[in-house]
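Throughout, a chain's letter reflects where its sequence line sits, starting with A, and its residues are numbered from 1. Given the structure is predicted, the values throughout are model-derived calculations rather than measurements.
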Amino acid sequence: MTEQVVTRFAPSPTGFLHIGGARTALFNWLFARGHGGKFLLRIEDTDRARSTPEATQAIIDGLAWLGLDHDGEIVSQFDRADRHRAVALEMLEKGRAFKCFSTQDEIQAFRDAAKAEGRSTLFVSPWRDADPSTFPDLPFVIRLKTPETGKTVIHDKVQGDVRIGNDQLDDMVLLRSDGTPVYMLAVVVDDHDMGVTHVIRGDDHLNNAARQMGIYEAMGWDLPVYAHIPLIHGGDGKKLSKRHGALGVEEYRDMGYPAAGMRNYLARLGWSHGDDEFFTDAQAQEWFSFDGMGKSPSRFDFKKLASISGQHIAAAENAALLHDLLDFMAVTGQPTPSDTKISLLSQAMPLLQERAKTYIELIEKAEFILADRPIAPDEKAAKFLDAVSLGILSELTPHLQNASWDRQALEGELNAFAEAREMKFGQLAGPLRAALAGRSATPSVFDMMFLLGREETLLRLQDVKGTA
RNA sequence: GGCCCGUUCGUCUAUCGGUUAGGACGCUAGGUUUUCAACCUAGAAAGAGGGGUUCGACUCCCCUACGGGCUGCCA
């Protein structure tokens, strides 16, 4: 019996939850869920100057929208500062850490000199092995006593074995001179205390892992399994930043991508399971493994997101899709449709969902249901409502008054009408579509008429009559 | 500067020494068509460069180039 898998997502609340962070969270979630484990959330708010409650909320909201549910209470790293401090002191006690009285100026001078002489700029503290009797009565930081020789090997599930010479690792600061813990200490202590078994994070932390392992070693704690995943780059290949397409997840939500499509697309970025492109959460959870992770950064591609997104909309179950669509409308500030319209939407959903890649497109194509009479045609639709077309429509009207109102019959009726006048069906369908929906992109005219019903259809034709 | 990681079609990727280097998105051409979407058919499109190892390298090793990361009393 192996121990239960515990993963965590540990963002710092210094801004919105961007797409790279979301993907990291996704992989942690997939791995935990796929192994019947726990997925924890910890907010790394030790940097008080940059952390904001708004950012914390944005992260929570973003994860909620993406459907990445976490287990247990959200841990605030800042709240655990006392514990971090205690661990640092314990290492000091054990002789695995030391007090360093060097000032920032002295350190800077050291680095400048090292750079000028072409030496390593890693700071070597003169206090590392100093006699306590020589300690001045000055502020000090506590630094980890890193081995000076040998190698640290990170057995990384994605990157393989990565060896770093200990001479490349400095005696990092654990506790600042004001007694507050730094991130490097806090992550390790928190991961250990939270029972995290697998640390899945961006590969920008790969080098940090070697440093952090020193703390595990000093404390005699078991190491977690590391998996450092490659980052996402922008469409131009450059690192993703706020200036380079790194949008908050809520922006993707507002662009109308369904969360399921987002999860699918994001999972496929840097990870693969053979040639599978479209899959469900259940499949992703079952399939996810570090073996499928690539090592190189990937670029975000909206075109492919749209394609995957469209497939998820098409495959969605009716009630769930309607629910998500209404959520989307609420979130983006659109009025909630009446019960009648919602009922029609539900009926029309099979027609709508296979022609939309986003909720925005879905709504555009549902305009014939959502709009109230009289329908205001958009520019493209208006072009179909010229005098000739209106003539055709008024000629058609009496035929509709008597037609039996089912899809099949309507199709027959309209085809016969067009055929009798030797016109291409498009000459009839265009104006009809414009009159019924006020849009040029809609479901089939037969479907719209059937759904709208005879009365509403005739009223809309009536509305349009004098507009030319 | 030092250390670490990476590099297959435009993009996401498959391949885990032997393939006509496969798929997806996008693109191009044609078809279907009532708009949009969808769909069908066809097509263009890739192993960064150079050395090895091997009967045989996209695959293993080395070098170079390029990209990225770390090198903080940031996370």
Side-chain angles (χ1 to χ4, degrees), chain A residues 10-14 44-47 49-51 77 100 102-104 107 111 114-115 118-123 139-143 154 156 158-160 162-165 167-170 172-178 180 182-184 186-187 202-208 210-211 228 230-231 233 235 237-239 265 268-278 291-292 294-308 310 314 352-357 361 364-365 380-381 384 414-415 418 424-430 432-434 437 439-446:
Chain A
S12 49
T14 54
E44 311 233 310
D45 50 0
T46 51
D47 184 342
R50 293 198 298 155
S51 299
Q77 189 159 66
C100 171
S102 297
T103 64
Q104 306 251 30
I107 295 170
R111 292 210 173 97
K115 201 163 195 175
R119 298 195 327 264
S120 165
T121 57
L122 293 179
F123 181 60
F140 58 86
V141 298
I142 292 180
R143 289 180 182 273
I154 307 163
D156 194 276
V158 174
Q159 307 289 338
V162 178
R163 284 157 228 283
I164 295 176
D167 56 356
Q168 297 300 320
L169 273 19
D170 64 350
M172 64 180 175
V173 170
L174 266 16
L175 239 43
R176 300 184 182 95
S177 52
D178 65 359
T180 58
V182 301
Y183 157 81
M184 287 288 190
V187 232
D203 65 8
D204 50 337
H205 287 284
L206 181 59
N207 286 272
N208 290 337
R211 288 172 225 287
H228 288 95
L231 271 17
H233 285 189
K238 296 228 166 68
K239 191 193 171 189
Y265 175 72
R268 231 8 225 87
L269 225 44
W271 173 80
S272 63
H273 181 263
D275 283 336
D276 294 305
E277 300 280 354
F278 173 79
D291 294 338
K295 292 190 188 181
S296 52
S298 40
R299 303 184 189 195
F300 196 91
D301 180 10
F302 277 98
K303 296 272 184 57
K304 188 139 186 183
L305 203 215
S307 170
I308 293 289
L352 298 169
Q353 69 189 127
E354 64 183 23
R355 33 186 20 106
K357 292 181 173 172
E361 287 183 18
E364 172 71 18
K365 280 160 182 164
K380 284 184 186 171
F384 283 98
L414 293 194
N415 276 319
K424 293 179 74 174
F425 186 66
Q427 289 177 265
L428 173 61
L432 189 50
R433 168 171 295 107
R439 293 288 181 278
S440 53
T442 73
S444 145
V445 291
F446 313 123

Subject >> Beyond-backbone contact of A/K304 with A/E277, side-chain heavy atoms, under 4.5 angstrom >> reply: yes
Subject >> Check: A/R439 and A/E364 side chains under 4.5 Å, non-hydrogen atoms >> reply: yes
Original post:
Phosphate oxygens OP1/OP2 of B/G2: is one of them under 4.0 Å from a side-chain N or O of A/S120?
Top reply: no
Original post:
Considering every strand shown, what is the Watson-Crick or G-U wobble mate of B/A29 when both distances are under 3.5 Å?
Top reply: B/U41
Original post:
Considering only the C1' atoms, how many Å lie between B/U28 and B/U19, rounded to the nearest integer?
Top reply: 27 Å
Original post:
Separation of A/D291 atom CG from B/U59 atom C1', in whole Å?
Top reply: 16 Å
**OP:** Looking at every strand, decide which applies to A/V173 at a 4.0 Å heavy-atom threshold: base, sugar-phosphate, or nothing.
**Re:** sugar-phosphate
Original post:
Is A/S51 reaching over with its side chain to a backbone N or O of A/D47, donor-acceptor style, under 3.5 angstrom?
Top reply: yes
Original post:
Which part of the nucleic acid, if any, lies within reach of A/Q104 when heavy atoms closer than 4.0 Å are counted: base, sugar-phosphate only, or nothing?
Top reply: base
Original post:
Which of these nucleotides, B/A75, B/C12, B/U35, is closest to any side-chain atom of A/H205?
Top reply: B/A75
Subject >> Criterion side chain to side chain contact (heavy atoms under 4.5 Å, CB included) on A/V187 and A/E44, from CA distance to verdict >> reply: CA-CA 8 Å; A/V187 232; A/E44 311 233 310; 3.9 Å; yes
Original post:
Tell me, do A/L432 and A/L414 make a side-chain contact under 4.5 Å, heavy atoms counted?
Top reply: yes
**OP:** Under a 3.5 Å limit for both distances, which nucleotide forms a Watson-Crick or G-U wobble pair with B/G67, could you say?
**Re:** B/C5
Original post:
For atom P, what is the distance between B/G1 and B/C60, given to the nearest Å?
Top reply: 28 Å
**OP:** Using the P atom on both, measure B/U15 against B/G22 and round to a whole Å.
**Re:** 14 Å
Subject >> Nearest-Å distance for atom pair CG/P, residues A/D204 and B/G68 >> reply: 14 Å
**OP:** Considering just the side-chain nitrogens and oxygens of A/S298, establish if one lies under 4.0 Å of OP1 or OP2 belonging to B/U13.
**Re:** yes
Original post:
Just wondering, do A/R143 and A/C100 contact through their side chains at under 4.5 Å, heavy atoms?
Top reply: yes
Subject >> Among B/C74, B/G67, B/C70, the one nearest A/H233 by side-chain distance >> reply: B/G67
Original post:
Heavy atoms, side chains only, cut-off 4.5 Å: are A/T46 and A/V182 in contact?
Top reply: no
**OP:** Return no unless some side-chain N or O of A/R211 is found under 4.0 Å from OP1 or OP2 of B/U71.
**Re:** no
**OP:** Send over the distance from A/L231 CG to B/U7 P, rounded to a whole Å.
**Re:** 15 Å
Original post:
From B/U35, B/G72, B/A75, pick the nucleotide closest to the side chain of A/R433?
Top reply: B/U35
**OP:** Classify the nucleic acid contact of A/G310 as base, sugar-phosphate or nothing, counting any heavy atom under 4.0 Å across all strands shown.
**Re:** nothing
Original post:
Please give, in whole Å, the distance from B/U71 P to A/D170 CG?
Top reply: 9 Å
Subject >> Spacing of A/R299 atom CZ relative to B/U7 atom C1', expressed in whole Å >> reply: 11 Å
Subject >> Heavy-atom check, side chain of A/Y183 versus side chain of A/S12, under 4.5 Å >> reply: no
**OP:** Quote, to the nearest angstrom, the P distance that separates B/C16 from B/U20.
**Re:** 14 Å
**OP:** In whole angstrom, give me the gap between the P atoms of B/G26 and B/U11.
**Re:** 16 Å
Subject >> Between B/C70 (P) and A/Q159 (CD): distance, integer Å >> reply: 14 Å
**OP:** Determine the Euclidean distance between corresponding P atoms of B/C61 and B/C5; express it in Å to zero decimal places.
**Re:** 12 Å
**OP:** For nucleotides B/A24 and B/C40, find the distance between their P atoms and express it as a whole number of Å.
**Re:** 10 Å
Original post:
When you measure from the side chain of A/N207, which nucleotide among B/C73, B/C70, B/G1 comes out closest?
Top reply: B/C70
Original post:
Which nucleotide, B/A75, B/U7, B/U35, lies nearest any side-chain atom of A/S440?
Top reply: B/U35
Subject >> Distance, rounded to the nearest Å, where A/D203 contributes CG and B/G6 contributes C1' >> reply: 8 Å
Original post:
Looking at residues at least two apart in the chain, or sitting in another chain, which of them share a side-chain contact (heavy atoms from CB on, under 4.5 Å) with A/F384?
Top reply: A/P431, A/A434
Original post:
Just checking A/R50: base, sugar-phosphate only, or nothing, at a heavy-atom cut-off of under 4.0 Å?
Top reply: base
Subject >> For atom NZ of A/K295 and atom P of B/C4, their distance in whole Å >> reply: 14 Å
Subject >> Check against side chain to side chain contact (heavy atoms under 4.5 Å, CB included), A/V445 and A/F425 >> reply: CA-CA 11 Å; A/V445 291; A/F425 186 66; 4.2 Å; yes
Polar pairs (N or O, both sides) under 3.5 Å between protein and nucleotides 47-49 of chain B?
none

Original post:
Nearest of B/C36, B/C73, B/A75 to any side-chain atom of A/A441?
Top reply: B/C36
Subject >> Minimum-distance nucleotide (side-chain atoms of A/Y183 versus B/A75, B/U13, B/A37) >> reply: B/A75
**OP:** Counting heavy atoms from C-beta on, name the nucleotide in B/U7, B/C4, B/G72 closest to the side chain of A/V162.
**Re:** B/C4
**OP:** Identify which nucleotide among B/C74, B/U71, B/C12 has an atom closest to any side-chain atom of A/V182, counting heavy atoms from C-beta outward.
**Re:** B/C74
**OP:** Compare all side-chain heavy atoms of A/I154 with those of A/L206 and state whether any distance is below 4.5 angstrom.
**Re:** yes
Subject >> B/C55: pairing nucleotide in any strand, Watson-Crick or G-U under 3.5 angstrom >> reply: B/G18
Original post:
Hey, are the side chains of A/L269 and A/W271 touching, using non-hydrogen atoms and a 4.5 Å cut-off?
Top reply: no
Original post:
Taking the C1' atom of each, how far is B/U7 from B/U13, in whole Å?
Top reply: 14 Å
Original post:
Reckon A/P443 touches a base, only the sugar-phosphate, or nothing at all at heavy-atom distances under 4.0 Å?
Top reply: base
Original post:
Among B/C73, B/C5, B/C70, which nucleotide sits nearest the side chain of A/L206?
Top reply: B/C5
**OP:** Evaluate the criterion side chain to side chain donor-acceptor pair (under 3.5 Å) for residue pair A/R433 and A/T442; output intermediate values, then yes/no.
**Re:** CA-CA 7 Å; A/R433 168 171 295 107; A/T442 73; 2.8 Å; yes
Original post:
Which letter, B, S or -, goes with each nucleotide of nucleotides 18-26 of chain B from 5' to 3', with contact meaning a protein heavy atom under 4.0 Å?
Top reply: ----BBBSS
**OP:** Name the nucleic acid region contacted by A/T180, choosing base, sugar-phosphate or nothing; use a 4.0 angstrom heavy-atom cut-off, strictly under.
**Re:** nothing
